[in-house]
Amino acid sequence: MVELLESIPDSMMLLLKDAVQAVKQSTKVMAFSHIDADGISALAIVVSALQREKKQFEWRNIHQINSETIIEISQEIQKYEPDLVIFSDFGTGQIELIRNHVTTFEFLKRTIILDHHLPQDEDSIVTELASSNKLIEINPCHHELNGSYDISGAGVAFLFALALSKENTDLAALAIVGATGDLQDYYGKGFSGINKKILELGIAAGYLKVTRDLTFFGINTRPLPYLLQYNTDPYLPGITGDEEACFKFLRDLNINLKDAHDEWRVWVDLDNDEKQRIIQRLIQLIIATYNDPLMASGLIGDVVILTQRPEKTEMRNAKEFSTLLNACGRNRKPEVGVKVSLGDSEAIPTGRYLLQQHRQNLAQALRLLENGRYVSMPGCYLVDDPEIPDTIIGVVIGMAQGSRIIPIDKPVIGISSNSSEDSPLVKLSGRAHKNLIKRGINLKETFVSVAEIMNETYGVLVAEAGGHPMAAGAFIHKDHVVEFLKRSSQHMAEILTG
Ligand SMILES: [Mn+2]
């Protein structure tokens, strides 16, 4: 068995031990987490661990901690009166809000933050470490680890669970689902750092398995034509979104779509020769369209299997599981995702329905962009299409660049006025290709600095930003979106022109 906790930096291990103590001493716990796949997985891990410790607890998913939502969080805490509060997959960037609105309660003994996002102010790292024992912040960034590829929010939650009890080893599977949702295996080839150790631990304990196979979504679940039709990563021109073309593609290759019992065949039912024929043809198509051998070789990759989840379901495959969780979060039903993660069979049909809707929305949005629905600004490309809901705009622009529907020579920013929430804030998402990071682009830095300048100029809070260098976001008051875009574009144009 891999000794995972022994490879964690001592300084981080000390904090994990503090956190374990805080749990052992608590009686009533309240857990808050982010709504994306990583945040949902992190929460499911925390909840499982608390259940196994036989604690009384409540949990909530929150789409973002900001100056508005911290008030709601604070009211929830006041109502429930826990002696321990746990934040996962957020909290570091909002530590001041937590200090001012959460840790102040008399009944609340300890607060734990399990995060992996970079702090707002990187100089604060040392002082954060010296923070009081009332607030325990566990974040790899404070321990010379990288929160973008070494470990995710679910990974930090898993270390915490494992420190609590070896009985929680099975939760390694959810930690990998979270890391997959955060694209932590995307930056290089496969997982690295602590993620890799968590994966190895999960494999050694029999909860995970890795195979080489087609990286498309739905290899366990989708009838072959629909496997192609709904594939958006990479986007396949003339195939993605076109049902008839998918049937023709497979017919031309002499692939039987149904088995002897007249049931749809799925990818894992195919023999090697059939798989090879399809892969060859897809590679030709990608080379002809994108002239990108790397993209073509990306058709085949490591597929992570969760051995304890039911066969021929999305929960069997880390990538599909994480997409299902994202779909729950983006449709404002993150609690369904948490329940699915916890193995609640009643939640599974709703989770799968939300996933299906989500996949259809993505394919449709990409077709809009393929028809040129984006504009070029000096420092970025802008997608501002009311037909694309704000809940998926971040994923859509990421996929659009991944498949080169939008060029990668500048970052892409997506905004959407299409929100089901009645809020004066507009959500903005940014994505940048890794080549741009090498040239000095850092989306998080750009958005945070522009927000600071604007907040100072207006003397009120008009924008809040956070994220990572390659993927960041902001909430901006709707009256100030145009200015925010102009300033961000300008800032990035200056970096790109050196
Ligand atoms: Mn995360």
Side-chain angles (χ1 to χ4, degrees), residues 12 31-47 59-66 69 86-95 98 112-120 137-143 145-161 171-188 191-196 198-199 304 318-319 321-330 334 337-338 341 391-392 394-395 398 427 429-432 443-444 447-448 464-475:
M12 192 168 171
F32 295 92
S33 197
H34 195 211
I35 59 156
D36 67 4
D38 191 31
I40 291 173
S41 314
L43 185 54
I45 290 170
V46 169
V47 166
W59 53 268
R60 298 267 187 287
N61 290 97
I62 305 283
H63 75 283
Q64 177 109 357
I65 303 178
N66 56 35
T69 58
I86 301 176
F87 292 98
S88 51
D89 198 34
F90 53 21
T92 288
Q94 304 81 22
I95 203 157
I98 290 171
I112 300 172
I113 293 173
L114 306 167
D115 198 1
H116 70 122
H117 295 92
L118 284 170
Q120 296 289 4
E137 187 204 7
I138 305 178
N139 187 322
C141 308
H142 298 326
H143 310 277
L145 293 167
N146 187 304
S148 298
Y149 47 79
D150 280 332
I151 186 166
S152 71
V156 178
F158 174 65
L159 294 183
F160 158 77
L171 302 176
L174 283 175
I176 291 301
V177 171
T180 305
D182 247 23
L183 304 182
Q184 300 217 339
D185 57 342
Y186 176 88
Y187 296 90
F191 286 109
S192 58
I194 297 180
N195 281 323
K196 192 171 172 196
I198 296 174
L199 183 65
V304 180
K319 185 173 164 185
F321 199 158
S322 72
T323 310
L324 183 144
L325 298 183
N326 263 325
C328 293
R330 286 170 204 287
V338 176
S341 303
T391 49
I392 58 166
V395 195
K427 192 177 123 182
S429 301
R431 296 289 183 274
L443 286 172
K444 184 207 160 196
F447 293 167
V448 167
E464 284 179 284
H468 302 285
M470 290 174 70
F475 285 89

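Order of appearance sets the numbers: ligands from 1, and atoms from 1 within every ligand. When a residue number appears, it is its place in the shown sequence, counting from 1.
- Looking only at protein N/O/S atoms, the ones less than 2.8 Å from the Mn ion (ligand 1) make 4 in total.
- Residues forming a side chain to side chain donor-acceptor pair (under 3.5 Å) with N66 (at least two apart in sequence, or on another chain): T69.
- No side-chain heavy atom of P119 sits under 4.5 Å from any side-chain heavy atom of I95.
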task = Let me see the working for F90 and I62 under side-chain contact (heavy atoms from CB on, under 4.5 Å), right down to the final yes or no.
result = CA-CA 10 Å; F90 53 21; I62 305 283; 4.0 Å; yes
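- In terms of modelled atom types and a separation under 3.5 Å, the side chain of D36 and the main chain of D38 share a donor-acceptor contact.
- Residues passing the side chain to side chain contact (heavy atoms under 4.5 Å, CB included) test with N61 are S33, I35, I40, L43, W59, P334, V338, sequence neighbours excluded.
- Applying the side chain to side chain donor-acceptor pair (under 3.5 Å) test to N139 and every residue at least two apart in sequence or in another chain returns T92.
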